[in-house]
Amino acid sequence: MALNDESLQALKAELLDELAKEVPSKSVLSLRLAETRSADIGEVLEEMIEDDEELPAALSLLDILSAERAANVLGYLPGESQLEVVGELNDSQVLKLLEEMGSDERADLFNLLSEDRREALLRRMAHRKREDLKRLASYEEGTAGAIMTSDYVSIASGMTVSQAMMRVRQTAPDAETVYQLYILDSDGQLIGTMSLRQLMVARPGAIVDDIMIKDVISTRVDNAQEDVARIVAKYDLLALPVIDAEDRMVGIVTHDDAMDVAESEATEDFHKGMSIGQLEDGVSRVPLWSLYRKRVFWLVLLVFANLFSGAGIAYFEETIAAQVALVFFLPLLIGSGGNAGAQAATLMVRGMATGDVGVKDWGKLLGRELLVAGSLGITMAIAVTPIGIMRGGEALAMVVAFSMVTIVLFGSLLGMCLPFVLERFKVDPATASAPLVTTLIDASGVVIYFSIATLLLS
């Protein structure tokens, strides 16, 4: 059963109480840890590691676990916590953990270590694992190569089904997944794939080349990780094979790793949408200085952008002095335009992120947005007209109604178009969301509103 927050806190207290005893019972601790899932142990250890006083307790618990289980638990910890742990261990202990970790997690941890520590560990590794680790650690962050694992089951072209089954039995213990099998030719090129079910029901003497699926969905090793996640989700794959420039298979990206990427990318886009730089860790763990630094740039920049709104108000001082009631509707109008623009920008950014829309769809989307935004503006104008009549009569109500339609229409079209413009200039479209769009519409809305007021009320 999965543990909720209350159960996790109870588990942590139970483990700490036992460790606090003069002679802690390893059998009691081992039994409690054995009946707890690795992900839950990882969450408890993460809390302990964050508290310097509880770090020794966390290390004691890891020491009780077998090397394989400890490596599995370590994989659930964030990078900063992993560094805290390995910083307290000697090279032999770290090497034992690395050897038990999956190849992708091993490469991630290896890249976090200092140069000296890496060299010391590489010297003590077996040649095959050393070369595999150096290769995986060399791929650029954010690419398929950086998130793939080399622990997969491959079958040589020309094998019979019975030979392939023997191969599966030999490699299954170290494989990330055995449900999808990959057929390679003598040059290591990927020529086909099959499921374990296909292999099991096939005739023992049949040749795998005759029953494999030849139309293989794969990705290049240097493709962006968000594209990889999109492919896995689109085709509902358990794993996606990764090939190099010569079509040789070099690894797989599993479904769980692809979903981790999707979550990470969604979080990054959400932060960018609110004009926050990418955080190195969770918001509860990132240093205060880093939080300040990631947020201050856009906020200061948008402060100066908002000066244009003030300049617009100053320019129409005479109109405002003649019709003071206009000021009452100013926040309502520019707020409505900002909200409509933010909605349109969010829809476009998300559509571009999921591959639902692209630059080629701009013309079609512009026409659709024109109709939708116009309808929204008219509906909102009808809703606000009675208030305008009560506050300043029919003339003011007409100004407010026309302004509402125009500002909502302008804001929606700006919010829809800005992501495409940024994409054209190689800037992340997520930057176009709420704060940037609303700031631009605030300044524009002031000019639109008071221009219409000057024109109609003069």
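None of the values given here were measured: they were computed from a predicted structure. One-based numbering along the sequence shown.
- With hydrogens and angles left out, the side-chain atoms of S150 and D132 include a donor and acceptor closer than 3.5 Å.
- D227 is linked by a salt bridge (charged side-chain N to carboxylate O under 4.0 Å, His left out) to R230, counting only residues two or more places apart in sequence or in another chain.
- Under the side chain to side chain donor-acceptor pair (under 3.5 Å) criterion, S92 pairs with R124, sequence neighbours left out.
- If you take CD on E423 and CG on L418, they are separated by 12.0 Å, rounding to the nearest 0.5 Å.
- G341 and V437 make their closest contact through C-CG1, 3.6 Å (heavy atoms, listed as atom of the first residue, atom of the second, distance).
- Inspection of the T149 and S103 side chains reveals an N or O donor paired with an N or O acceptor under 3.5 Å.
- In this view, N223 and T219 satisfy the side chain to side chain donor-acceptor pair (under 3.5 Å) rule, not counting sequence neighbours.
- Here D247 pairs with R220 under the salt bridge (charged side-chain N to carboxylate O under 4.0 Å, His left out) rule; sequence neighbours left out.
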- Where do V261 and V228 land on the side chain to side chain contact (heavy atoms under 4.5 Å, CB included) test, with the steps shown first? CA-CA 9 Å; V261 168; V228 173; over 6 Å; no
Using a 3.5 Å cut-off and no angle test, enumerate the donor-acceptor pairs between side-chain atoms of residues 234-243 and protein atoms at least two apart in sequence or in another chain.
none

- Message: Does M48 form a side chain to side chain contact (heavy atoms under 4.5 Å, CB included) with L55? I'd like the steps, not just the answer.
- Response: CA-CA 6 Å; M48 291 183 179; L55 178 58; over 6 Å; no
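- If you take NZ on K360 and CG on L365, they are separated by 10.0 Å, rounding to the nearest 0.5 Å.
- S195 is listed as a side-chain neighbour of Q180, based on a closest heavy-atom distance under 4.5 Å.
- Checking side-chain atoms of S412 against main-chain N and O of L409 turns up no donor-acceptor pair under 3.5 Å.
- Here the CG atom belonging to D174 is positioned 13.5 Å from the OH atom belonging to Y152, to the nearest 0.5 angstrom.
- Note that CD1 of I147 and CG of D108 are 9.5 Å apart. Values are rounded to the nearest 0.5 Å.
- Between the side chain of E369 and the main chain of L366, no donor-acceptor pair closer than 3.5 Å is present.
- Annotation for G205 and T160: closest pair O-CG2, 4.0 Å, computed over non-hydrogen atoms.
- Using a 4.5 Å heavy-atom threshold, the side chains of L61 and V73 count as separate.
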- Message: Please evaluate residues T254 and D257 with respect to the criterion side chain to side chain donor-acceptor pair (under 3.5 Å), reporting the C-alpha separation (whole Å), side-chain torsions for both, the decisive distance (0.1 Å), and the verdict.
- Response: CA-CA 5 Å; T254 55; D257 287 334; 3.1 Å; yes
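- Interatomic distance, CD1 of I213 versus CD1 of I191, reported as 13.5 Å (0.5 Å rounding).
- Side-chain contact check for L45 versus L62: some heavy-atom pair is nearer than 4.5 Å.
- Checked against side chain to side chain donor-acceptor pair (under 3.5 Å), D209 has the following partners two or more places apart in sequence or in another chain: S157.
- P419 and M348 get closest at one heavy-atom pair: CG-CB, 4.0 Å.
- At distances below 3.5 Å, at least one donor-acceptor pair connects side-chain atoms of R118 with backbone N or O atoms of L113.
- Here R203 pairs with nothing under the salt bridge (charged side-chain N to carboxylate O under 4.0 Å, His left out) rule; sequence neighbours left out.
- Counted by atom type alone, D116 and S114 present zero donor-acceptor pairs between their side chains at under 3.5 Å.
- T177 is listed as a side-chain neighbour of I252, based on a closest heavy-atom distance under 4.5 Å.
- Scored by the side chain to side chain contact (heavy atoms under 4.5 Å, CB included) test, Q82 finds L74, L77, L109, L112 as partners (sequence neighbours excluded).
- R130 places a side-chain N or O within 3.5 Å of a backbone atom of M125 that can act as its donor or acceptor partner.
- In terms of heavy-atom proximity, A107 sits nearest to L136 at CB-CB, 3.8 Å.
- Using a 4.5 Å heavy-atom threshold, the side chains of R37 and I41 count as separate.
- Note on K364 versus D361: no salt bridge recorded, every NZ/NE/NH1/NH2 to OD/OE distance being 4.0 Å or above.
- Not a single salt bridge (charged side-chain N to carboxylate O under 4.0 Å, His left out) links D185 to another residue, sequence neighbours left out.
- Remark: side-chain polar atoms of K96 are not paired, donor with acceptor, to backbone N or O of A67 under 3.5 angstrom.
- Listed by first then second residue, pairs satisfying side-chain hydrogen bond (donor to acceptor under 3.5 Å, both in side chains) with a partner in residues 55-76 read S38-R69, S38-N72, not counting sequence neighbours.
- Surrounding CD of E140 are at most 12 heavy atoms belonging to other residues, nucleotides or ligands under 6.0 Å away.
- Residue-environment remark: CD (E35) exceeds the threshold of 12 foreign heavy atoms within 6.0 Å.
- Under the 4.5 Å side-chain criterion, counting only non-hydrogen atoms from C-beta, K134 is not in contact with F110.
- Not one N or O on the side chain of S81 forms a donor-acceptor pair closer than 3.5 Å with the backbone of E46.
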- Message: With side chain to side chain contact (heavy atoms under 4.5 Å, CB included) as the criterion, how do D91 and L121 come out once you've worked through the C-alpha distance, each side chain's angles and the decisive distance to 0.1 Å?
- Response: CA-CA 7 Å; D91 287 349; L121 291 169; 4.2 Å; yes
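- D210 meets the side chain to side chain contact (heavy atoms under 4.5 Å, CB included) test with I207; sequence neighbours excluded.
- At a threshold of 4.5 Å between non-hydrogen side-chain atoms, the residues V349 and T346 do not count as touching.
- For the pair Q189 (side chain) and E246 (backbone), a donor-acceptor distance under 3.5 Å is present.
- Counting all heavy atoms, side chain and backbone alike, I441 lies closest to I407 at CG2-CG2, 4.5 Å.
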- Which is it for Y182 and V153 under the side chain to side chain contact (heavy atoms under 4.5 Å, CB included) test, yes or no, and what are the steps along the way? CA-CA 7 Å; Y182 304 96; V153 180; over 6 Å; no
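- For the side-chain hydrogen bond (donor to acceptor under 3.5 Å, both in side chains) condition, the pairs that include at least one residue of residues 10-21, sequence neighbours left out, are K12-E47, K12-E54, E14-R32, E18-K21.
- Using a 4.5 Å cut-off on side-chain heavy atoms (C-beta onward), L440 and L414 make contact.
- Shortest non-hydrogen contact noted between V408 and A340 is CG1-CB, 4.0 Å.
- Looking at R106, its side chain does come within 3.5 Å of a backbone N or O of M101 through a donor-acceptor pair.
- More than 12 heavy atoms of other shown residues, nucleotides or ligands fall within 6.0 angstrom of atom CE in M259.
- The distance from atom CD of E131 to atom CG of L122, rounded to the nearest 0.5 Å, is 9.0 Å.
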